[in-house]
Structure formats: structure tokens, C-alpha cells
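See below for the structure under consideration.
So that the names make sense, note that chain A is the first sequence line, chain B the second, and so on, each numbered from 1.
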There are 2 protein chains.
Amino acid sequence: MSASQSYIHCQNCNFSHLCLPLALNTDEMDKLDTIVKRNNPLHKNDYLIESNTPLTSLYAVRTGSFKSYIEDDDGEYQITAFHFPGDIIGFDGLREKRHVSQTQALETAMVCEIPFHMLEDVAEKLPNLRNQLMKFMSAEIQQDRELVMLLNKRNAESRLLYFLISLSKRFEERGFSATSFLLPMTRTDIGNFLGLTVETVSRLLTRFQKNGLIKVEGKALEILKKGDMEQMLTDYHINIDSI
Amino acid sequence: MSASQSYIHCQNCNFSHLCLPLALNTDEMDKLDTIVKRNNPLHKNDYLIESNTPLTSLYAVRTGSFKSYIEDDDGEYQITAFHFPGDIIGFDGLREKRHVSQTQALETAMVCEIPFHMLEDVAEKLPNLRNQLMKFMSAEIQQDRELVMLLNKRNAESRLLYFLISLSKRFEERGFSATSFLLPMTRTDIGNFLGLTVETVSRLLTRFQKNGLIKVEGKALEILKKGDMEQMLTDYHINIDSI
DNA sequence: CGTTGGGTTGAGTTATTTCAAATAGTGTGG
DNA sequence: CCACACTATTTGAAATAACTCAACCCAACG
């Protein structure tokens, strides 16, 4: 561990309330902390995980952001998640102890690496940690299923609204502004994730802006009418033109 | 436990190779077996799990089939999975120890109930069982993500093909015919799951039949050209009319 | 024997995609 | 720091896959 990073521990991490330490007491956190490796930063487009490689570690995002995607034989790919600080990456590989997706940095980013065999050892002694791991996986299942519903039942407008609102919430949970942030991913990434074309995403962002819901300028997004946007998601009969 | 059911154990269950016992030795299986409750059969449309109820048990399907779905405030619902013998139901509720989806029998069906607090106790002593649980959850995440890709990237034809092929595989794994089986769910259910309308599902089934891929008569399905169907899924540029 | 739920088929509509083209932005090597 | 190349984004017009609406059939069932 380099000197410059030696002071970083779960105990003083800004995102521990979202991360694995969540349910652990100080002692337990110390145990977890001893197995965490904190590596050099990754840069934009660097791979954190390549698919089909053996699963040796899980990763917790410390700073920056990532996208994970699966790819089929035709090279067609599907972004399955965007990851922000506190998120744990790698659960989909547990089944075959082999990564089934790729994870790439969207910007300069750092992670905490948690070697899997050591995590298993620690978890052996810490029921809380085991529980926490299960909860994380369960949450992922729940989220994926909500995404399926979104894709199957909602139109392009709702999907993008949902995406923006959910980003906003995630930034807020992490102590960032809920109403003003940078989109770390491209429009193409957003479209890929939501099952829309780039063109549709772009057109909708423009339309949201014209209707005064948001302000976009490149990567910079400002959410102007969060309440209205949230309501459009709940009562999905309301659409953007009724605002 | 009723006398008529007392002879049923994981050891002599036809589906243990797909179920929790998969990675357990005989001793371990015995331990698991002692906590499993085998209840009376459920009938078509009976609820196995109602949403928002506390999670007290996981369930393993023993016979018959189920559908699970999430529902939003508008009453709109999304079927998230169909379950067949050996499948474990309930992982999405672990996060909040509360079920987030409903599970309903598609036909007369029986389950093995696994009380969750006892499962945790047993898992405490059996690393293999813990592992198996994680693998099941990880598999569910993986499957859900493949479903997202299917919904986002494939057209109606591919989606339904995928559905039929995946049913076929699941029946085969369970020792049933891979080419001739009954669809336990309605066309509406299939459409709901795949993000299509009933009409589209019906039209496609008719078309598949006209092109000689399958034979359908009500619930009865016969898969005539499995190879062709699988290839259409792999090379998704090939479509039904090129067969 | 009327009612109800599931399924099929046809015709017209529409949300989103595709294709095309122009503009803006970013990074690299000289 | 500029020029060039490449990628990302926006906007418009035309095409289309799947949906909606409507009608009808069939089987199960009280």
C-alpha cells in the first residue's frame, strides 16, 4: 500500500453507509478493512473487469464511475449497470466464479479491491457481513426486475425520466447535489441502457429542456422540476406536454 | 407432515440436481432436509407469496409451476419469472426481509418451504450451502440481465423464440421432453413477460407454425425445428422467413 | 345456455427507429 | 498551441415494427 493511500480506511470513507461496512461494527469493519486492497486509479475507458476472466475479487467503487455490460457473439452489447461510489461490482460472476460482464471506467476512478477468497474467510466469522452480501445481491435482483418493468411497460419519455431521477437520487445519497451534476456516460450509453437509440435520447433531452424540466449543456445536467418529473413517473398517464 | 408425504426427502427428489442440495453431501443434505416443510398442494391461481408480506421462508418448487410478478401503484404488473421444479423462489425479498413480488400457481403445484431463520442457522455450519445460495442469487442476476438485453436489443420474433427455447431447455434439465410440452401460462402472461401484446404473441405463434418451426394447439406445444430456432437466436440476422 | 376468459385475426395508427447530414467537442502528434 | 481525425451530439425526414381497437371464435363452467 503506498504511503499516499495508507490513511484510507472503511472507517473514514465517505461512502461506507452505502457499502459493505454498512451493517458492521467498528471491530468488524477493521477485519474487513485488513483485506481490502486500494490500488492505483483507473482512467477513462480502462477496464476494471474483463469478461470471462476468473472472479478473484469484488470491487467497491471509491471515486468516479463505471459501466458494466454484457456482450454477445455478434459483438452486440448491453449495459447492465452504472456504478457510483459505494457500489459493489462483481456479483454476477459468483455463479461460475468467472466474470460474465465487463466493467469499464467512465472517468478517472478508484476502487477498493476485495479478494474473494479472503472475503469468504472473513464472512465465515461475521454473520453481519454475510447478511450484507446477500442483501446487496437481493437488491440487485430487485433493481434488475424494476428495470425489466420499465423497459417493458414504459415509453421512451418515461424511461429517460426514470433514468435522470434515479441518477439524481444516487448522487444525493452520496452527498452530491441532487439537482446539478455531470452525466459521466455518453448519450449512446444512456440509450443502450434504456433500450433507446442515441437519437431518441438526444431528442428527448432537448424536449425536456424546452418544457423547462431540465437544463442540459453537454455533460452538465440541471434538474429544474424534480417534483413534476417524479410525478410523471408515478402517474405515468401524465406526460411531458401536460406539464 | 402428513403420512402421505413423509417419504419425500431431498435425497430422493427428482430435482435435487437443480436445487439447493446440489452442492451438498449426504450428511449436509440431511441437515437441510430436517428444516424443509412440505405443505399441501396449491391450486391454479393460488398465491404462494403475496407482496409486502414479511419474508419468512424461501420456497423450492417441487411440482407444477408458478409465475412471479411485481406490481406498481397503477396496478400495472410485470411478470419477472416463471418457476419450475427445482427453482428457488424468494431471493428478491432478502434485502428488506419483505417480499417485493407476488407468486401465483399456474397449475396445481407443490413446494418445499424452507423457513428462513432456520436456513440461516444451517448455513452458518455449512459453507457449501452458503455458497450454493450465493450462486443461486448470482444466477438470477445473470439471467435478469440477459433478459434486459433480450428486451432491449431483440425484436418480437427473437424474444418469443428465446422464450420457447429457454422453456424447452428447462423442461429438458428436469427430465421432461424438450420438444413436446404444455405451456402452463397464458399467451397474455407470455406477452407480459416479454414486453409484447397478446396479439403479437398469438400472431407469432401462428407464423412459427406456418413456417414449420413448431406446432401449437392451445397449451400444447411441439418444437419441430429446434436447431433452426437456436440458430435464429445466435445469428439474429437470420429471421423466420429465411427458414 | 348465457357468461366469461382465453385466443385468433384483420385493419389502421403511431412511437420509435433508421438513414442522412450537419455541428460540436475532444485528444493527439507535430 | 494548432491542425487533424475521430467521436459524440443534434436535427430532420422517411420507414416500420409493434400496438390499439374491434370483431369473432372457442371451451369451460355455473
Side-chain angles (χ1 to χ4, degrees), chain A residues 43-46 67 76-77 79 104-108 150-164 182-210 214-221 232 236-237 239-241, chain B residues 43-45 67 76 79 104 106-108 150-164 182-211 214-221 232 236-237 239-241:
Chain A
H43 300 101
K44 190 172 173 174
N45 295 328
D46 284 353
K67 65 176 171 185
E76 184 116 43
Y77 69 99
I79 296 177
Q104 224 177 339
L106 293 170
E107 59 194 312
T108 302
L150 187 82
L151 299 175
N152 271 354
K153 304 280 178 273
R154 301 303 187 94
N155 62 15
E157 186 181 307
S158 284
R159 291 189 214 174
L160 187 59
L161 275 173
Y162 166 91
F163 180 76
L164 297 178
L182 295 178
L183 299 167
M185 69 292 288
T186 65
R187 308 282 195 266
T188 307
D189 285 342
I190 297 174
N192 180 292
F193 181 69
L194 294 175
L196 304 170
T197 57
V198 209
E199 293 95 325
T200 301
V201 172
S202 175
R203 277 186 255 270
L204 283 173
L205 286 174
T206 309
R207 194 143 64 85
F208 289 173
Q209 175 156 244
K210 279 190 183 138
I214 62 170
K215 189 167 174 304
V216 258
E217 208 183 322
K219 302 265 174 212
L221 182 81
M232 284 165 72
Y236 72 108
H237 309 285
N239 72 45
I240 189 182
D241 295 313
Chain B
H43 300 100
K44 190 172 173 175
N45 295 328
K67 64 176 171 186
E76 185 115 45
I79 297 177
Q104 226 177 338
L106 292 170
E107 59 192 314
T108 302
L150 186 81
L151 299 175
N152 271 354
K153 303 281 178 274
R154 301 302 187 94
N155 63 14
E157 185 181 307
S158 284
R159 290 189 214 175
L160 188 58
L161 275 175
Y162 166 91
F163 181 76
L164 297 179
L182 295 177
L183 298 168
M185 69 293 287
T186 65
R187 308 284 195 266
T188 307
D189 285 342
I190 297 174
N192 181 293
F193 180 69
L194 294 175
L196 304 171
T197 57
V198 208
E199 293 95 325
T200 301
V201 172
S202 177
R203 275 186 255 270
L204 283 173
L205 286 175
T206 308
R207 194 142 64 87
F208 289 174
Q209 175 155 243
K210 279 190 184 138
N211 292 42
I214 62 171
K215 188 166 173 306
V216 258
E217 209 183 320
K219 302 267 173 210
L221 182 82
M232 285 165 71
Y236 72 107
H237 309 285
N239 72 44
I240 188 180
D241 295 314

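- Regarding R159(B), its CZ atom lies at a distance of 10 Å from the C1' atom of dA17(D), rounded to whole Å.
- To the nearest angstrom, C1' of dT17(C) lies 10 Å from CG of L196(A).
- Remark: K219(A) is not in phosphate contact with dA8(D), judged by side-chain N or O atoms under 4.0 Å from OP1 or OP2.
- Taking atom NZ of K210(A) as the reference point, atom P of dT10(D) lies 11 Å away to the nearest angstrom.
- Atom pair K153(A):NZ and dA15(C):C1' shows a separation of 17 Å (rounding to whole Å applied).
- In this structure, G195(A) reaches the sugar-phosphate backbone alone: every heavy-atom distance under 4.0 Å involves primed, P, OP1 or OP2 atoms, never a base.
- Counting only heavy atoms from C-beta on, R187(A) has its side chain closest to dT9(D) among dT9(C), dT9(D), dA18(D).
- Ranking dA17(D), dT9(C), dT10(D) by closeness to the T206(B) side chain, first place goes to dT9(C).
- If you check dT16(C), dA18(D), dT10(D) against the side chain of S202(A), the one that comes closest is dT10(D).
- A donor N or O paired with an acceptor N or O is not found under 3.5 Å between the base of dG7(C) and the side-chain atoms of R203(B).
- Put simply, T197(A) has no side-chain N or O that comes within less than 4.0 Å of OP1 or OP2 on dT18(C).
- In this entry the distance linking CG of L151(A) with C1' of dT16(C) reads 14 Å, nearest Å.
- Exactly one residue among T200(A), L150(A), L204(A) makes a side chain to side chain contact (heavy atoms under 4.5 Å, CB included) with R159(A). That residue is L150(A).
- Separating the CZ atom in R203(B) from the CG atom in L160(B) is a distance of 13.0 Å, to the nearest 0.5 Å.
- Put simply, K44(A) has no side-chain N or O that comes within less than 4.0 Å of OP1 or OP2 on dT26(C).
- To the nearest angstrom, P of dT7(D) lies 14 Å from CG of D189(A).
- Out of dC21(D), dG7(C), dT16(C), the shortest distance to the side chain of E199(B) is found at dC21(D).
- Note: CG (N45(B)) to C1' (dC29(D)) measures 15 Å, nearest angstrom.
- We find the OG1-CD1 distance between T186(A) and I79(A) to be 6.5 Å, quoted to the nearest 0.5 Å.
- When the C1' atom of dA17(D) is taken as reference, atom CZ of R154(B) falls 16 Å away, rounded to whole Å.
- A 6.0 Å sphere centred on NZ of K44(B) holds no more than 12 heavy atoms belonging to other residues, nucleotides or ligands.
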Could you walk me through whether F208(B) and V216(B) pass side-chain contact (heavy atoms from CB on, under 4.5 Å), step by step?
CA-CA 9 Å; F208(B) 289 174; V216(B) 258; over 6 Å; no
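- Phosphate contact (OP1/OP2 of dA8(D), side-chain N/O of T188(A), threshold under 4.0 Å): absent.
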